[in-house]
Structure formats: structure tokens, C-alpha cells
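Numbered from 1 within each chain, the chains take letters A, B, ... in sequence-line order. What you are looking at is a predicted structure, and each value in this text was computed from that prediction instead of being measured.
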Amino acid sequence: EPIIPVKDPTSDMAIISRKGSQLVRKHREQKERKKVGAPGGTGCLVICDGKLRILQIGIQKTTIRRPEQKFAEHMKEKNEARSEFAKKKSLLEQRQYLPIFAVRQQLLNIIRDNNIVIVVGETGSGKTTQLTQYLHEDGYTSYGMVGCTQPRRVAAMSVAKRVSEEIGSNLGDEVGYAIRFEDCTSEKTLIKYMTDGILLRESLRESDLDHYSAVIMDEAHERSLNTDVLFGLLREVVSRRTDLKLIVTSATMDSDKFAAFFGNVPIFHIPGRTFPVDILFSKTPQEDYVEAAVKQALQIHLSGLMGDILIFMPGQEDIEIVERLEELENAPALAVLPIYSQLPSDLQAKIFQKAPDGVRKCIVATNIAETSLTVDGIMFVVDSGYCKLKVFNPRIGMDALQVFPISQANANQRSGRAGRTGPGQCYRLYTQSAYKNEMLTTTIPEIQRTNLANVVLLLKSLGVQDLLLFHFMDPPPEDNMLNSMYQLWILGALDNTGALTPTGRLMVEFPLDPALSKMLIVSCDMCCSADILIIVSMLSVPAIFYRPKGREEESDQVREKFSVPESDHLTYLNVYMQWKNNNYSSIWCNDHFIHTKAMRKVREVRSQLKDIMVQQKMNLVSCGSDWDIIRKCICAAYFHQAAKLKGIGEYVNVRTGMPCHLHPTSSLFGMGYTPDYIIYHELVMTTKEYMQCVTAVDGEWLAELGPMFYSVKQAGKSRQVSQADAARPHRVCAWRSAAWRRRCPWQSSSCEPVEKNRRRRATWAASGSSVTISTSFTT
DNA sequence: TATGGTGCA
């Protein structure tokens with residue numbers, strides 16, 4: 001259905017909005033249509049600040065076909081556009097112009113008098129580049145390095161480069177950086193920028209961080225998983241090492257909380273330098289944020305005011321609808337540019353290119369533009385008020401990727417994007433009252449909404465005895481912690497007393513999720529480690545396959561050529577082997593709708609993991625074409641995530657009984673081949689409960705490899721696997737170990753009857769009988 | 001029967 005061009009856009013705003021509505025009405029109709037039959041209850045319960053909040057968002061779904069799209073052929077030009085200011089002034093003059101320079105001595109005094117200081121540094125204050133240098137100038141580098149953590153790699157690299165220029169040394173000498181795959185430091189290094197994940201790994205080797213005299217945790221308010229773990233660890237390190245200085249930077253709104261956590265430490269405030277941004281709230285709540293955003297962007301566009309527009313949307317799908325703005329041909333030229341992480345980098349680069357004269361840029365972004373990417377020249381921000389978040393449900397072991405209202409902190413960050421190069425305006429598509437009363441002040445930190453298996457393993461290896469007593473700034477839900485411990489126990493990383501086993505100790509060495517580490521370890525005994533190594537590497541990077549708008553069928557057909565009918569894992573192996581046979585060619589990738597960037601990373605990950613395997617004296621052997629061995633090996637690490645065929649194309653989770661669906665990207669999807677049992681890599685709730693990356697397994701493997709869950713029973717002539725134990729962590733562990741029970745606070749009366757049953761079952765199981773006890777699942 | 005917010009090791 002073509003969109004009718006607006007006849008006279010400048011004279012009649014009513015027409016514009018009508019056209020806008022037309023576009024969106026269609027979108028909404030389709031959305032409604034799709035909603036029918038979709039599972040209800042996409043809402044989510046969230047506990048924040050002791051309050052229980054129910055968040056329920058409708059499902060966004062549309063299918064709009066686009067004409068064939070041409071791929072961009074040019075990459076982002078790397079002309080180092082220096083500002084007029086930078087050209088005229090010397091580096092020293094630039095440094096002295098920064099707001100932080102005015103408070104330099106005060107800041108150094110307060111650091112000298114306190115081991116921990118919270119620094120509230122607004123954008124443009126210069127804290128990231130100057131703090132390290134001030135500490136260096138004040139003598140802190142005479143007895144150790146000054147370390148500075150960043151949540152992102154690009155930031156660590158680019159800031160280190162800038163500071164090395166300011167100091168007048170080569171990058172890697174006095175000033176260096178370390179990120180995964182790249183250590184650009186030397187024995188001379190005094191100032192080290194790094195990602196927070198690197199510092200966390202370093203603390204494994206050297207728990208007191210003796211190489212450092214000072215550590216700055218920059219952008220700590222972003223509260224990444226690693227930041228939160230480091231908070232707890234560094235707090236202890238500082239109490240042991242009185243010579244270590246810790247500086248934590250934070251946003252204004254949570255500085256008090258940070259200060260309290262570290263023991264009522266002082267807060268130092270550095271003003272920033274940004275341009276004012278007018279905030280405009282919607283007078284009434286918007287029914288449809290896509291429609292509202294389109295209308296608002298058009299209104300700005302036709303207002304005659306200059307400057308580029310940035311629209312924040314929750315996800316790719318909404319972005320693709322908003323992109324149709326461009327089709328309003330009679331309106332003044334508007335270049336609508338999408339940006340999200342999965343977009344190929346050549347298309348991403350477009351947002352940084354200067355638009356032709358007289359053409360206004362309108363960037364439609366996910367929250368990638370909130371912190372990760374900065375585009376200059378944005379004058380207007382249109383904020384939908386929503387973002388997607390991944391929340392983990394420990395009970396069913398499922399991630400849900402859902403649309404949530406943003407927090408006040410997000411909203412402020414978004415509006416700030418309009419004031420980087422001049423005064424700007426921010427249009428919020430929600431009411432002021434919604435902002436004040438309904439939005440959380442800050443987003444729920446990641447540690448409270450993710451699978452913690454990795455964190456638990458790390459803390460265990462650091463010798464943290466009782467994880468429930470570990471000092472987190474915002475402790476994760478107890479259920480979540482215990483579930484992760486249970487998962488580690490299943491994988492053999494923890495013993496019955498909750499202590500790390502030799503397998504667990506080996507697992508810590510790998511920068512992988514525990515189940516993937518386990519798979520790698522098991523593969524050495526099963527003589528398929530070279531093959532599993534590739535599969536594990538492929539699973540460690542985001543999306544391999546690219547499915548561009550307008551070429552869906554074409555790309556699906558190409559993908560099918562790689563498909564191994566019984567396994568997505570093997571399909572991945574196949575893709576890698578073919579890429580290798582084609583000399584790791586990027587042209588080959590483009591021809592086969594495969595993300596080159598992702599494949600390069602797979603190769604890097606593979607080589608890093610291989611190094612660790614060599615270092616750990618693990619043998620690297622391939623099983624050749626005996627793919628059954630590979631499937632069994634995968635089963636050995638993922639038997640706890642199994643599903644059983646129920647009807648045509650219908651699966652139910654073996655342990656929970658929950659219906660699960662094959663993801664449409666699976667090679668088992670719609671192929672007519674429906675094995676009785678499959679294991680899955682990941683369970684994600686988007687529009688449905690989807691199993692992503694699945695492999696067919698023999699039912700008997702499940703019983704053999706996962707005896708705590710399954711056993712084989714005789715049913716007529718056919719042998720069937722059924723659920724032997726749907727126990728929750730404490731229940732299994734409780735009867736196994738009194739020591740474990742003591743550390744499980746939920747070992748309370750409510751669990752008692754179940755525990756008794758459990759003991760009886762355990763006896764039966766131990767007697768060698770093949771009788772299966774079917775346990776009904778309750779949530 | 002129909003599809004992935006953003007980072008990090």
C-alpha cells in the first residue's frame with residue numbers, strides 16, 4: 001500500500017499528521033492482527049526500591065515489505081575532523097580550558113585525604129582524560145600504575161590514545177590500554193586504560209591488585225555486570241590495602257548511594273560543559289509511540305528550524321517502520337538513517353557522514369546512541385520513552401527480551417544528546433507526570449536481571465565462601481543466585497558442599513558461559529575438541545547470519561545451503577569450515593549473507609580459547625565427520641536444557657513441561673524432520689518462548705549424561721525418557737549435603753514435605769531400579 | 001509455524 005505524498009507540506013499541518021496517521025494506522029492494524037493468537041501475559045514483575053511494579057507492554061509486530069535495498073559501498077571516512085578550537089590551541093591550553101582544571105588542587109587534596117572518593121563528573125568536564133594525569137603528576141605512579149576502567153573497548157582505546165598525545169609519549173609506553181584480544185601496554189606503562197572486564201580478570205590472578213596505586217572506575221553509573229562485581233571486590237581490596245586509592249565516577253542521581261556503599265565517603269562535584277536543552281513533554285499519554293514519533297519528527301522537519309534529528313526507538317522493527325518517513329517525497333529533503341548494533345558496519349557508518357547541503361539527517365536509533373555512539377550536530381531528540389531489556393527468569397531459566405519504559409536516567413541521557421554542539425530541544429513522547437511518577441529513577445542494574453552462573457563461578461574462584469553474604473551494591477535476587485549455583489552443580493563445577501571442583505577451576509580459565517566451558521572440557525575426553533572449539537566460538541558472538549529487509553527469502557535460501565538438518569550447532573560448524581575453505585574471505589561472507597565482523601570475531605575468540613587450552617594442557621583433536629560424537633558432546637553440557645516432541649513441530653521442556661518453540665532461524669524449523677528429543681543453547685521469550693540454537697539428541701544420552709534429571713523407563717516396546725527429577729536446587733542439594741543445607745536460607749519449613757519425598761526417591765534411584773517417578777511441575 | 005536492546009571477558 002503506497003503512501004500518498006503530502007501535497008503542500010509547509011502550509012497545512014493537519015494534512016501532515018493525517019498522512020502520518022495513515023502510515024501508522026496500517027502498522028497498528030497489522031500489530032493487532034498479529035496479537036491474535038500470540039501468548040498473553042507479556043508483562044513482567046519487577047522489584048525496585050522495595051516496590052513491586054507490574055510492567056505490561058503490548059507486542060510490537062509488523063511486516064512491511066521494502067523494495068530491494070542497495071548496500072552502501074563506502075565505509076566511514078576516517079578524516080579526523082578537528083574542531084576549530086583544537087586547531088588553534090596547544091594541547092596544554094586545551095587541557096587548562098577543561099572545567100576540571102579549575103578544581104584540580106581541591107580534587108587532589110580530597111584524594112590524598114581519603115582512600116575512596118566518589119566523583120560526579122558531568123559530560124564535558126574532562127574527568128576521563130584528566131583524572132589519570134593529575135594522579136600521575138601528583139606522584140601516584142611512582143609506586144604503581146594508575147588504572148582507569150571503561151565499560152566499552154572503543155572508549156578505552158580512544159581515551160588512551162588522546163592521553164598519550166597529551167603526555168607526549170607513544171601509545172603503549174607511559175600510557176597504554178588493555179582490552180580483550182589486545183594488550184597495548186609495556187613495562188614502562190604508568191597510566192592504563194582498560195575495560196572493566198579486564199580488571200576483573202586481573203583480580204583473579206592478583207586479588208589485591210598490587211600493580212596499581214590507584215584505580216578509577218569511570219562511567220560506573222552505567223552499572224554493567226562487571227562494574228557491580230568490581231564494586232564488591234574493590235571495596236574489600238581498599239580495606240586491606242591502605243595505600244590504594246579508589247575513585248568511582250557517578251551520575252548526580254546515584255552519588256549518595258555510591259558514597260553510602262563505600263562507607264560514607266566524600267563526593268566531589270565537577271561541573272560539565274554542555275549546551276542547554278529544552279525539554280518538551282507530551283501533554284497527553286501517547287497511544288502509539290511509533291506514530292507519535294513519526295508525527296513529531298515531521299513537525300520538526302517542516303518547522304524550518306535547522307539541525308539534525310535523533311529518534312530513540314526500542315528495537316529494529318520499530319526503526320524499520322519509522323524509516324518510511326523518507327518516502328514522503330514532496331517534503332524537503334530528509335535523510336532517514338537507521339542505527340542499531342546488528343546493522344552491518346557500512347550502513348552504520350552512514351550516520352557519521354555529512355548529509356548533502358540542504359538535506360537534514362534524521363537518525364533512528366536504539367539505545368546504542370544513548371551511550372555507545374555519539375553523533376555530533378544533533379539539535380533535536382525525539383524520545384519514545386521505551387527501550388528493550390533482557391530480563392532473566394531463574395525459575396524457568398529463560399531470558400525475556402521485552403519492551404520497558406525507560407528510567408529517568410535514560411531519559412536525561414537521551415535528552416543530553418541534543419546539547420553536544422549547540423542548544424537543542426528534546427521532545428518526550430510521554431507526560432511529565434509519567435516521567436515523575438511512573439519511571440524508575442535509574443534502570444534496574446544488570447546484575448539483578450541476568451543469569452549469574454558466570455558471576456558465581458568467578459566469585460567462588462576468588463574464594464568468596466558464602467555468596468549470599470557477598471557485599472553487592474544491589475544484591476541480585478536470592479533465587480537467581482541459588483539457581484546459578486544449582487546450574488554449576490549440575491555441570492560439575494561445584495561439589496555437594498558448594499565448593500569449586502577441579503572442573504570448576506578449569507572452567508574459570510575460559511572467558512565463556514559455564515556450559516560452554518564445560519562443553520569444551522568434555523570434548524577433550526570425547527576426542528572432538530577441535531570441532532567443539534569452533535562451535536563454542538561461533539556461539540560466543542552475536543548473530544552470524546544477516547537477513548536484510550527486502551531480501552528475506554533470498555537470504556533464507558542461502559542460509560539453507562549450510563543447514564545440517566539435525567543440528568544448528570553443526571550448521572555453525574559447517575559455516576565456519578566453509579569460510580575457512582574460502583580463505584576467511586569477506587566477499588564470501590557478503591555473498592552468503594553472513595556478518596563478516598562476526599566471523600572475524602569468531603576467529604579471534606577461537607584463537608584465544610585455543611591458547612588457553614594449550615596452556616591448560618588440553619588436547620586438540622578433531623573427530624572428523626563423526627558428527628554423532630559432537631552431538632553427544634553438546635548433550636553432555638546442555639542436558640539440563642532439553643525438550644521433548646509433543647505434536648507436529650511442538651516441543652515441551654522436559655524439566656518444566658513448558659511449551660517451547662523452535663526459533664524460525666533454526667535449521668530444524670519447518671523441515672519436516674522432528675526428532676523426539678532436542679537440547680537448546682538458549683531459551684528466549686520475545687513474541688513466544690523460543691529455543692535458539694538446537695540439536696537433536698538421543699533420549700538415552702539424556703539419561704546417561706544427566707542422571708540427576710532423567711531415567712529410562714520401559715513403555716511397551718519403546719523406551720522413553722522421562723523426567724526423573726524436577727527438583728529445585730535446594731531440594732536436590734539439601735539431601736546430599738548437610739553443609740550445603742546450612743548455607744541455604746530457604747531451607748525452611750515450606751520446603752520440608754518436598755524434601756522428604758525427595759529422600760525417598762533418592763533411595764529408589766540408588767537401588768538401581770529403572771522405575772521413573774513422574775513429578776508434576778508447579779510454578 | 002514465522003525472527004535478536006546494549007556492552008564485556
Out of [options], whichever nucleotide has its closest atom nearest the side chain of [X]:
X: L401(A); options: dG5(B), dG7(B), dT3(B); answer: dG5(B)
X: T665(A); options: dT3(B), dG5(B), dT1(B); answer: dT3(B)
X: P511(A); options: dA9(B), dG4(B), dG7(B); answer: dA9(B)
X: R180(A); options: dA9(B), dG4(B), dG5(B); answer: dA9(B)
X: N367(A); options: dT6(B), dA9(B), dG4(B); answer: dT6(B)
X: F669(A); options: dT6(B), dG4(B), dA2(B); answer: dA2(B)
X: K688(A); options: dG7(B), dG5(B), dT1(B); answer: dT1(B)
X: P664(A); options: dG7(B), dT1(B), dT3(B); answer: dT3(B)

What pairs of residues pass the salt bridge (Lys or Arg N to Asp or Glu O under 4.0 Å) test when at least one of them lies in residues 665-678 of chain A, not counting sequence neighbours? none

Round to the nearest Å and state the distance from [X] atom [atom1] to [N] atom [atom2].
X: E320(A); N: dT3(B); atom1: CD; atom2: P; answer: 13 Å
X: Q615(A); N: dA9(B); atom1: CD; atom2: P; answer: 18 Å
X: E182(A); N: dC8(B); atom1: CD; atom2: C1'; answer: 15 Å
X: E219(A); N: dC8(B); atom1: CD; atom2: P; answer: 13 Å
X: F593(A); N: dT3(B); atom1: CZ; atom2: C1'; answer: 16 Å
X: D513(A); N: dG7(B); atom1: CG; atom2: C1'; answer: 14 Å
X: E222(A); N: dG5(B); atom1: CD; atom2: C1'; answer: 14 Å
X: R449(A); N: dG5(B); atom1: CZ; atom2: P; answer: 14 Å

Nearest heavy-atom contact between Y572(A) and M538(A) is O-CE, 3.4 Å

Distance-only criterion, 3.5 Å: show the donor-acceptor pairs between side-chain atoms of residues 597-606 of chain A and protein atoms not counting sequence neighbours.
none

Below 4.0 Å: OP1/OP2 of [N] and any side-chain N or O of [X]:
X: S372(A); N: dT6(B); answer: no
X: T687(A); N: dT3(B); answer: yes
X: T686(A); N: dT3(B); answer: no

Modelled atom types, side-chain donor and acceptor of N410(A) and T443(A), under 3.5 Å: yes

Mutual orientation of the aromatic rings belonging to Y289(A) and Y386(A) [parallel < 30°, tilted 30-60°, perpendicular > 60°]: tilted

Please work out whether the ring planes of H592(A) and F562(A) are parallel, tilted or perpendicular, with thresholds of 30° and 60°. perpendicular

Determine whether the aromatic ring centres of H681(A) and Y638(A) lie less than 6.0 Å apart. yes

Nearest-nucleotide wise, let me know which of A178(A) and Y690(A) is further upstream toward the 5' end of DNA chain B. Y690(A)

Quick one: does R547(A) reach the base of dT3(B) with a side-chain donor-acceptor pair under 3.5 Å? yes

side-chain contact (heavy atoms from CB on, under 4.5 Å) evaluation trace for V391(A) with F404(A): CA-CA 10 Å; V391(A) 283; F404(A) 285 101; 4.1 Å; yes

Under 4.0 angstrom, heavy atoms only, what part of the nucleic acid is [X] near: base, sugar-phosphate, or nothing?
X: Q692(A); answer: nothing
X: Y340(A); answer: sugar-phosphate
X: I179(A); answer: sugar-phosphate

If the glycosidic angle sits within 90 degrees of zero it is syn, else anti. Tell me which applies to dG4(B). syn

Do R449(A) side-chain atoms and K390(A) backbone N/O form a donor-acceptor pair below 3.5 Å? yes

Quick one, which residues of residues 195-202 of chain A touch DNA chain B with a heavy atom under 4.0 Å? T195(A), G197(A), I198(A), R201(A)

